[in-house]
Visitor: 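Quick one: this structure, given as structure tokens, is what I'll be asking you about.
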Amino acid sequence: MAAAGVRVVVPAGRPARACEPLAAVEASACDMVLVDFAGLGGVRAAAARVRESVGRVGLFVAVAG
């Protein structure tokens, strides 16, 4: 998606793990947001940061693993 010019935001609980697959993506096309998945408050705080920086979210994809 980033290669197609779409702004991509990646929520990451462990940034070091998220950086490896993102290394091939142009830095300006992808933003990482640190999320504390231990509680709902951390998830809400991350969602607020995304909303402030991006505004409207056109597509949300959730992947666990």
Visitor: Val50 and Leu34: same hydrophobic cluster, using ILVMFWY side-chain contacts below 4.5 Å?
Guide: no

Visitor: Below 4.5 Å, heavy atoms only, C-beta onward: do Val33 and Val10 meet side chain to side chain?
Guide: no

Visitor: Take Val35 and Val43 through the side chain to side chain contact (heavy atoms under 4.5 Å, CB included) test and state the conclusion after the steps.
Guide: CA-CA 6 Å; Val35 183; Val43 174; 4.2 Å; yes

Visitor: Going from CZ on Arg44 to CZ on Arg49, what distance comes out if it is rounded to the nearest 0.5 angstrom?
Guide: 14.5 Å

Visitor: Ignoring hydrogens, what is the shortest heavy-atom contact between Ala12 and Met32? Give both atom names and the distance.
Guide: CB-SD, 3.6 Å

